[in-house]
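This report concerns only the one structure given below.
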2 protein chains.
Amino acid sequence: MASLGDLERSVMELLWDSAEPLTANDLRDELAAPGETAKDLAVTTVLTVLARLEKKGLVVRERSTRPHRYNASSTREDHTVNLLNEALGTAQDREAVLARFIGGISADEAATLRAILDAPKTA
Amino acid sequence: MASLGDLERSVMELLWDSAEPLTANDLRDELAAPGETAKDLAVTTVLTVLARLEKKGLVVRERSTRPHRYNASSTREDHTVNLLNEALGTAQDREAVLARFIGGISADEAATLRAILDAPKTA
DNA sequence: GAAATTATTCTACATCACGTAAAAATCACA
DNA sequence: TGTGATTTTTACGTGATGTAGAATAATTTC
């Protein structure tokens with residue numbers, strides 16, 4: 001239950017990239033700004049999307065301040081890692097899949113992974 | 001463009017698990033068989049889903065035989081690897097994500113990966 | 001070869017997710 | 001308290017998916 005529509009994704013990208021929490025108006029402006037497939041949306045549209053993202057647990061809203069402020073509930077990295085784990089699933093062919101998956105990454109990335117794998121478990 | 005609905009997924013699972021191509025009737029029976037959240041569907045329903053999966057490129061149909069026979073167009077492994085690559089994306093934080101991702105797998109799996117990574121590229 | 005059976009394609013509808021936003025309700029401050 | 005800003009409600013169009021009846025086509029049977 002973590003699939004996102006185009007607009008939802010755009011909003012999440014902005015929230016992930018922002019250190020500060022953003023308001024609906026901030027987001028509307030950013031979305032209209034040239035750079036990210038500029039859209040010119042009504043604020044209510046942004047608010048609707050934010051409400052949906054909040055319900056999905058991807059966004060947290062500060063109701064204390066008046067123009068409510070929104071934040072991604074977890075980092076983009078966390079999110080992606082979750083997606084990867086969902087995609088990998090609990091199937092029996094996990095190892096085979098993993099093998100092929102990491103077999104397809106770049107040499108640099110492979111080197112990084114090797115380092116990680118060789119490091120002692122810090123669990 | 002590779003998301004699947006529940007029924008679509010069930011059908012794909014059956015096709016992936018079957019060495020032989022299956023007919024719509026075969027699939028209807030399998031779906032009704034107790035084990036996989038038994039459903040009791042009309043054959044036309046199965047046919048509709050198969051047509052959609054075919055359009056999505058996930059299924060190949062043999063039109064030569066009369067009861068058409070359906071096959072997964074690629075293995076489940078291929079499919080999952082694709083999903084993983086899609087999820088990983090082309091973002092800049094790929095390495096960080098990969099690190100965390102493989103940091104979360106089992107020791108056995110890690111060992112396998114280490115072997116793979118240490119093996120010479122056969123590209 | 002015409003009838004009966006089987007299989008495939010068409011057409012259709014309900015539901016849900018998502019993009020989109022006007023209308024209505026609230027809130028805050030002058 | 002009136003007015004402007006903000007949020008909540010309500011709503012509609014579209015596309016995906018589950019579901020299947022009706023219509024059509026192909027096979028088999030007598």
Side-chain angles (χ1 to χ4, degrees), chain A residues 1-15 20-33 36-72 79 82-83 86, chain B residues 1-15 20-33 36-72 79 82-83 86:
Chain A
M1 210 262 263
S3 79
L4 296 181
D6 291 336
L7 181 52
E8 291 177 330
R9 178 167 307 284
S10 297
V11 169
M12 286 310 299
E13 294 295 344
L14 289 171
L15 291 178
E20 299 294 303
L22 301 175
T23 70
N25 273 305
D26 292 339
L27 288 165
R28 181 188 79 300
D29 293 344
E30 298 275 351
L31 288 169
E36 293 299 319
T37 45
K39 303 184 178 187
D40 212 337
L41 301 168
V43 189
T44 51
T45 298
V46 178
L47 282 165
T48 300
V49 168
L50 284 168
R52 287 177 183 162
L53 288 171
E54 187 189 22
K55 180 177 294 180
K56 289 185 186 182
L58 295 177
V59 156
V60 167
R61 142 171 23 190
E62 289 174 32
R63 283 197 151 82
S64 48
T65 65
R66 190 41 184 168
H68 292 180
R69 294 146 73 74
Y70 300 81
N71 246 314
H79 181 67
N82 280 344
L83 286 188
E86 269 180 41
Chain B
M1 207 262 263
S3 79
L4 297 181
D6 291 335
L7 181 52
E8 291 177 329
R9 178 167 307 284
S10 297
V11 168
M12 286 311 298
E13 294 295 345
L14 290 172
L15 290 178
E20 299 295 303
L22 301 176
T23 68
N25 272 304
D26 291 340
L27 287 164
R28 181 187 81 300
D29 293 344
E30 298 276 349
L31 288 167
E36 292 299 317
T37 43
K39 304 183 178 188
D40 212 335
L41 301 168
V43 190
T44 51
T45 298
V46 178
L47 282 165
T48 300
V49 168
L50 284 169
R52 287 174 183 165
L53 289 172
E54 188 189 22
K55 181 176 295 179
K56 289 186 186 181
L58 295 177
V59 155
V60 166
R61 140 171 25 191
E62 289 175 33
R63 282 196 151 84
S64 48
T65 66
R66 192 40 187 171
H68 293 179
R69 292 146 73 74
Y70 300 81
N71 246 315
H79 181 68
N82 281 344
L83 286 188
E86 269 180 41

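Chain letters run A, B, ... following the sequence lines, proteins first and then strands; every chain starts at 1. Please read all numbers here as calculations on a predicted model, not as lab measurements. Computed over heavy atoms, backbone and side chain alike; hydrogens, waters and symmetry mates excluded.
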Given [options], the nucleotide with the shortest approach to the side chain of [X]:
X	options	result
Thr44(A)	dT19(D), dT8(D), dT8(C)	dT8(D)
Arg52(B)	dT6(D), dG19(C), dT19(D)	dT19(D)
Arg61(B)	dT8(C), dA23(C), dT20(C)	dT8(C)
His68(B)	dA21(C), dG18(D), dT8(C)	dT8(C)
Pro67(A)	dT7(D), dA20(D), dT27(D)	dT7(D)
Thr45(B)	dA20(D), dA21(C), dC27(C)	dA20(D)

Gap between atoms [atom1] and [atom2], on [X] and [N] respectively (whole Å):
X	N	atom1	atom2	result
Leu53(B)	dT17(D)	CG	P	9 Å
Leu27(A)	dG19(C)	CG	C1'	16 Å
Asp26(B)	dT8(C)	CG	P	11 Å
Leu4(B)	dT17(D)	CG	C1'	11 Å
Leu41(B)	dT19(D)	CG	P	5 Å

Near Asp29(A) CG, under 6.0 Å, is it more than 12 heavy atoms from other residues, nucleotides or ligands?
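Above 12, so yes.
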What does Arg63(B) touch in the nucleic acid at a heavy-atom separation under 4.0 angstrom: a base, only the sugar-phosphate, or nothing?
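Result for Arg63(B) = sugar-phosphate.
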Classify Leu47(A) by what it touches in the nucleic acid, base, sugar-phosphate, or nothing, heavy-atom distance under 4.0 Å.
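Here Leu47(A) touches the bases of the nucleic acid.
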Ser3(B) side chain near dT17(D) phosphate (N/O to OP1/OP2, under 4.0 Å):
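True: Ser3(B) side-chain N/O within range (under 4.0 Å) of dT17(D) OP1/OP2.
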Is Glu30(B) paired with Lys39(B) through a side-chain N to carboxylate O contact shorter than 4.0 Å?
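Result for this pair is no, no salt bridge flagged.
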Under the 3.5 Å rule, do the base of dA20(D) and the side chain of Thr48(B) count as making a donor-acceptor pair?
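A donor-acceptor contact between them is present.
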